[in-house]
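Just below is one structure, and these are the notes that go with it.
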Amino acid sequence: MDLHSKATSIKGIGPKKSVALNKLNIDTLEDFLFYYPRDYEDRRDLRKISSLQDGDLALVKGKLILIVKGKVRFPRKQTLKLLVQDETGAMEVVFFHAAYLEKTLKKDEEYLFYGKVSDNMGRIQMLHPDVSKSEDSSEQGILPIYPLAGGITQSEMRKWQREAQKQLSEMEEYLPENTLAQNRLCGIRHAVENIHFPQDKKRLMEAKYRLIFDELLFLQTGLLMIRNRMTAGKTGIFFSPQAKVDEFLATLPYQLTGAQSRVLAEINSDMESNKVMNRLVQGDVGSGKTVIAAAAMFKAAKCGFQAVLMAPTELLARQHFDGLKSMFSVFGLKVGFLSGSLAAKEKKAVLEQIESGALDLIIGTHAVIQPGVTFSNLGLVITDEQHRFGVNQRAVLTKKGQNPDVLVMTATPIPRTLAVILYGDLDISIIDEMPPGRQQIITRAVKANGREASYEFVRREVKKGRQAYVVAPLIEDSETLDARSALGLYDELKNRFFDFSVAFLHGAMKQADKDRIMQEFYAGEIQILISTVVIEVGINVPNATIMLVENSERFGLAQLHQLRGRVGRGEEQSYCILISDGGSKVAEARSEIMKATNDGFLIAEKDLELRGPGEFFGMRQHGVPELKLADLVKHIKILKTVREEAEKILSEDPLLQNEAHLSFKRKIDKMFQNVENLNI
Ligand code: ADP
Ligand code: MG
């Protein structure tokens with residue numbers, strides 16, 4: 001037997017148990033050792049029966065002095081009552097459906113009982129305790145509690161774990177010496193022994209720290225290696241420093257904010273170097289990311305390269321196209337649009353122009369990364385609201401040129417410390433300043449009884465010349481969900497606001513209809529736009545000053561913040577009204593946070609607190625490998641140390657090819673083996 005022996009080499013694990021274990025990803029003895037407990041039971045103190053109190057969780061050693069079978073109405077489901085005695089007193093132990101126990105328990109023998117104590121009118125009882133032979137030391141001490149499935153019991157798992165522990169002496173250290181020493185980490189054997197069967201709390205802490213450190217280090221190093229793979233050994237495009245963006249900036253009706261200038265300078269210096277740019281621009285909604293993208297595209301075009309901007313929705317792509325086309329028209333730059341919804345003829349023409357180089361700048365949806373799209377000279381790739389794109393998609397886009405520079409823009413407000421770690425494959429620029437003159441958006445949260453007044457408020461604002469969004473969680477009324485729909489609201493509001501122009505919009509509509517409606521809304525011809533969350537991302541209509549959200553309890557904080565970001569984009573005071581039909585405590589807390597702050601980063605931190613550990617912005621959904629012990633929120637301090645450590649290791653050995661790093665690399669590969677679509 002060794003660490004790589006199959007689980008079935010343990011006595012008692014047959015084909016059936018082995019299938020159940022496979023579901024827990026346990027195949028070998030080593031897998032057992034890296035299958036950690038979720039909690040522990042402290043069974044170190046033996047309690048005297050006379051000291052037991054109602055509600056205690058206690059371990060008792062006592063002699064079995066009486067076994068009483070209950071009524072034999074269902075022969076196989078009889079109850080079993082035991083009388084157990086130690087030198088201080090006696091207690092009753094009760095089992096239901098426990099015929100099997102009768103055969104194993106013997107009168108006058110000593111046993112250990114661990115369970116919850118109840119005081120039944122002065123009679124001390126334990127209901128369904130764990131029972132074991134008193135000489136069985138494996139049921140004493142700090143005992144692991146494992147997450148289980150497939151009919152495996154806790155005591156089976158413990159037994160097998162002890163078997164697996166016998167091979168522990170073979171386990172080799174996989175962390176580099178230096179890493180261990182400098183971070184005062186205990187050795188792997190000590191850690192693996194004590195994470196399962198700790199002798200005391202101190203050792204358990206040491207073990208936990210070491211294994212959490214490991215997990216975060218694998219994650220971080222793996223992410224950094226992805227970045228290196230994307231850039232290492234590749235020479236990027238050298239965009240000439242002579243190609244200044246000043247003449248473009250001079251045409252803007254405003255000056256860049258300090259933060260925008262700083263970020264643009266960072267991009268500029270990437271573009272002017274021959275390393276491949278891989279940069280994330282993070283800025284709250286409305287912080288002015290588009291113009292930064294535009295400036296970078298301008299520079300690329302001036303240097304004779306094509307640039308492409310990809311957006312996650314057709315609406316947003318259209319908006320960027322319209323905006324950029326007019327920004328660039330004075331410079332004679334040719335801007336094209338590509339999306340799946342173009343008519344075949346139109347599409348063919350655009351594809352030809354992309355291939356011939358007739359188009360300088362291409363704006364579009366996912367359509368721009370499809371196989372049939374060939375660029376003549378792609379130099380810069382920008383993705384907007386990138387949290388919707390996977391690393392793989394980015395990679396596909398990148399392959400459409402000769403190592404083009406890549407810029408990724410997102411408003412997903414992730415606290416900086418976490419972003420640095422999560423976006424391990426990107427450099428980060430942050431626009432942490434809003435354009436001047438922005439008013440704070442006033443946010444109100446009301447219940448159903450505030451609906452009437454809210455809509456009257458909408459009326460007054462629209463009368464003053466403003467525009468409003470009304471957002472509902474559903475497209476159509478649903479029989480199963482008790483929530484408002486865009487269509488239902490449209491029917492209601494077109495009557496209420498018969499003197500205004502009201503329209504609705506949702507993602508499932510025909511593209512031509514969506515375009516027309518957005519055009520009319522931009523132009524101010526539509527005054528009230530009823531919509532689903534399709535307008536969540538990126539839409540920019542400065543005259544819209546009201547965002548009214550129906551059933552706001554059904555939206556998450558990040559989403560509410562994005563929705564609110566659609567207003568407050570012009571000079572006028574803007575408002576966000578959240579109407580909820582009750583909802584949970586968490587929903588209430590979300591409303592409170594929305595009322596209290598406009599700051600996306602603060603909201604992100606609160607969001608973390610509300611969601612609690614383990615649910616970080618749908619990490620799993622993003623394909624980030626699952627962490628067993630580590631928690632990105634709780635262990636943020638360790639994360640910082642780990643980040644430095646990962647960088648240090650990779651700076652010495654970027655591909656982890658040194659002998660000393662081979663087993664470390666195997667660990668990382670294992671963690672990332674199922675990560676096909678890392679999407680952060
Ligand atoms: P986001 O970062 O959410 O993508 P946008 O790029 O859509 O934000 O910008 C929001 C609005 O702010 C736009 O109307 C844009 O013209 C305007 N804007 C951007 N930068 C500035 C600035 N420095 N001063 C004034 N207005 C600006
Ligand atoms: Mg934007």
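Read the numbers this way: they start at 1 and go in the same order the structure lists the ligands and their atoms. Predicted model only: the values in this text are computed from it and were never measured. All values below were derived from every heavy atom in this structure, side-chain atoms included, with hydrogens, water molecules and symmetry-related copies excluded.
- The Gly288 neighbourhood of ligand 1 comprises atoms 1 (P), 2 (O), 5 (P), 6 (O), 8 (O), 9 (O), 19 (C), with distances under 4.0 Å to a heavy atom of that residue.
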Q. Hey, mind stepping through Glu456 and Arg460 against salt bridge (Lys or Arg N to Asp or Glu O under 4.0 Å) and telling me if it holds?
A. CA-CA 6 Å; Glu456 278 318 297; Arg460 285 199 298 278; 5.6 Å; no

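- The cationic group of Arg444 does not satisfy the cation-pi geometry with Tyr575, failing either the under 6.0 Å distance to the six-membered ring centre or the 45° limit from the ring axis.
- Taking all heavy atoms of Gly600, Pro435, Pro542 into account, the minimum distance to atom 25 (C) of ligand 1 is reached by Pro435.
- Those atoms of ligand 1 with a heavy atom of Thr290 less than 4.0 angstrom away are 4 (O), 5 (P), 6 (O), 7 (O).
- Phe305 and Phe239 have perpendicular rings, their planes meeting at more than 60° on a 0 to 90° scale where under 30° would count as parallel.
- Using 4.0 Å as the threshold, Ser287 has a heavy atom nearer than that to some atom of ligand 1.
- By the criterion of a heavy-atom distance under 4.0 Å, the side chain of Asn540, and not its backbone, is placed next to ligand 1.
- With a heavy-atom cut-off of 4.0 Å, Ile431 does not touch ligand 1 at all.
- Residue-ligand proximity, Gln255 to ligand 1, at heavy-atom distances under 4.0 Å covers atoms 22 (C), 23 (N), 24 (N).
- Side chain to side chain, Gln260 and Thr257 meet the donor-acceptor criterion of an N or O pair below 3.5 Å.
- Among the atoms of Gly286, some N or O lies under 3.5 angstrom from an N or O of ligand 1.
- Between Phe497 and Tyr455, the ring planes are tilted. Angles from 30° to 60° get that label.
- Close approach of ligand 1 to Asp284 is summarised as follows: ligand atoms under 4.0 Å from at least one heavy atom of the residue are 2 (O).
- Other residues, nucleotides and ligands place no more than 12 heavy atoms under 6.0 Å from the CD atom of Glu571.
- Atoms of ligand 1 lying under 4.0 Å from at least one heavy atom of Thr257, given by number and element, are 23 (N).
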Q. After noting the C-alpha distance and the side-chain angles of Lys606 and Glu592, does the key distance pass the salt bridge (Lys or Arg N to Asp or Glu O under 4.0 Å) rule?
A. CA-CA 11 Å; Lys606 295 284 176 197; Glu592 286 306 310; over 6 Å; no

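- Near Leu256, meaning under 4.0 Å from one of its heavy atoms, ligand 1 places the atoms 23 (N).
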(Q) What verdict does the salt bridge (Lys or Arg N to Asp or Glu O under 4.0 Å) test give for Lys334 and Asp360, after you've listed the backbone C-alpha separation in whole Å, the side-chain angles of each residue and the deciding distance to 0.1 Å? (A) CA-CA 5 Å; Lys334 293 273 176 303; Asp360 302 302; over 6 Å; no

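- Ligand 1 lies nowhere less than 4.0 angstrom from a heavy atom belonging to Asp384.
- Polar contact with ligand 1: absent for Pro436 (N/O pair, distance under 3.5 Å).
- Using cut-offs of 30° and 60° for the angle between ring planes, the Phe328 and Phe248 rings count as tilted.
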